Structures are given as C-alpha cells and as structure tokens.
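The structure appears right after this line, and notes come after that.
Residue numbers run from 1 in the order of the sequence given. Computed from a predicted structure; not experimentally measured.
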Amino acid sequence: MDSNATSEIASLLQNAHIKRHPSPHHDLNPSTAASEKQPVRLGPQDADQDDVDEDEVPLSVLRPVHRRQQMPPLPDLRLEQTYLKSIEHAESWQHVAWITFKDHVLLCFAQGMLWTLILSGWRHVNRSSKFSGRGVGARLRRWWWGVNKWQIPDRPARMR
C-alpha cells in the first residue's frame, strides 16, 4: 500500500465523524452561567449604581476587574480525537496497527503493571507499621483485633 492510499484511509477515518448538517437543537451546548463572564462586585458598589444617570457610563464598565489566568487550559483527553491525531501521519496499515496496539494494549498493560508494583511495594513497606505505631489508627486496629480475639502479629525484629 503506498503512502497516498494510507493518507486517504486516515482522511476517511477522520472525515467520517464530521457532522455535515448539525442540528442547533441537539448539537449545541446549553448556555450556562459561565457563558457570560462578569466580575463579582462586593460591598457598596451596587448601591452606587442607583446614582448613575442614563447618559453616564458606570465606573465598573470603564475600569473592569482584570482577571488573571490561574490554571492552564485542560488537555483534550478524548480517546477518539487523540487516536485520530496519532494515526494522521501513518504511512502504512502496519503503522496504523502498531499505533493501535501501542495505544490500546501496550500502554494500558504497562500502566496497570506499574500501578500494581507501586501498591505492592507500599503494602510491603507499610506492613510492619500497622500494629507498631502509637497513633490513633494503630491503637484502633489493636483494639479491634483484641475485641475480635484475633492474634496480633509479633513485631518484626527491627521494630523492637
């Protein structure tokens, strides 16, 4: 398969999801309070609005409150858009298959394996501190095991 046919396949996959005739009743977001940004006014500024004549411009319009951006915009985490972007420059169907395998199988497996190793390591490190602590959690755990007449494990040699 030549690169021309591959680019046509990628273009076909991307264009198949474009709505040619969207409905304004079903495809538009409903307006929310965030649609119109208005600065918050605190205190007696609202009382000053009553004194404004019809031909005067209020100070809140002349000197609006400056907003600073506190967080960067959220990344696009939709799977479909990310997948289509990654196969956009694929040169052959084998390349598309590799990208698909890597994104949907290999990376998910690696992420799950890494998370399991982290949790197993934490449990191993935290095992000795379950009953040997002086905090409320350790006292509560020892009390609960005593109420149920369970045998509390011996302290490890390094904790004595």
Side-chain angles (χ1 to χ4, degrees), residues 1-49 52 54 56-133 135-138 140-141 144-145 153 156 158:
M1 205 180 255
D2 61 345
S3 64
N4 208 8
T6 307
S7 65
E8 288 180 20
I9 291 172
S11 175
L12 178 67
L13 284 173
Q14 287 179 342
N15 291 335
H17 295 285
I18 296 174
K19 292 187 178 182
R20 301 288 179 205
H21 305 289
S23 167
H25 298 291
H26 298 288
D27 298 325
L28 293 179
N29 292 345
S31 62
T32 63
S35 299
E36 297 179 16
K37 294 182 180 179
Q38 296 179 355
V40 175
R41 293 181 185 88
L42 300 175
Q45 293 177 348
D46 292 333
D48 294 339
Q49 295 291 334
V52 176
E54 291 181 22
E56 291 183 26
V57 178
L59 287 176
S60 61
V61 174
L62 294 176
R63 295 187 202 125
V65 176
H66 292 289
R67 295 177 179 263
R68 64 172 217 231
Q69 187 175 3
Q70 296 184 4
M71 300 274 300
L74 292 174
D76 185 10
L77 296 177
R78 295 176 290 177
L79 176 69
E80 179 185 15
Q81 300 299 323
T82 308
Y83 176 69
L84 291 175
K85 190 69 175 169
S86 51
I87 66 169
E88 183 177 34
H89 299 293
E91 297 171 358
S92 65
W93 69 268
Q94 291 99 345
H95 196 224
V96 172
W98 168 248
I99 291 171
T100 304
F101 176 75
K102 178 185 69 163
D103 286 354
H104 296 278
V105 177
L106 196 62
L107 291 177
C108 295
F109 173 74
Q111 179 185 7
M113 187 174 67
L114 179 67
W115 182 244
T116 302
L117 287 174
I118 289 171
L119 288 180
S120 297
W122 176 253
R123 286 186 190 127
H124 178 73
V125 169
N126 200 24
R127 184 178 306 150
S128 64
S129 66
K130 287 184 180 178
F131 295 99
S132 62
V136 176
L140 181 65
R141 192 174 292 116
W144 182 251
W145 279 53
R158 66 184 177 123

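Note that the OG1 atom of Thr100 and the CH2 atom of Trp93 stand 11.5 Å from one another [nearest 0.5 Å]. The CD atom of Gln81 lies 11.0 Å from the OG atom of Ser86; values are rounded to the nearest 0.5 Å. The distance from the CG atom of Leu114 to the CZ atom of Phe109 is 11.5 Å, given to the nearest 0.5 Å. Note: Gln94 CD to Ile99 CD1 = 12.0 Å, rounded to the nearest 0.5 Å.
The salt bridge (charged side-chain N to carboxylate O under 4.0 Å, His left out) test applied to Lys85 returns Glu88, not counting sequence neighbours. For His104, the ring pair (Phe, Tyr, Trp, His ring centres under 6.0 Å) partners two or more places apart in sequence, or in a different chain, are Tyr83.
What you find for Val96 and Ala90 is that their closest heavy atoms are CG2-CB, 3.5 Å.
Taking the side chain as every heavy atom from C-beta outward, Ile87 and Leu84 approach each other to under 4.5 Å.
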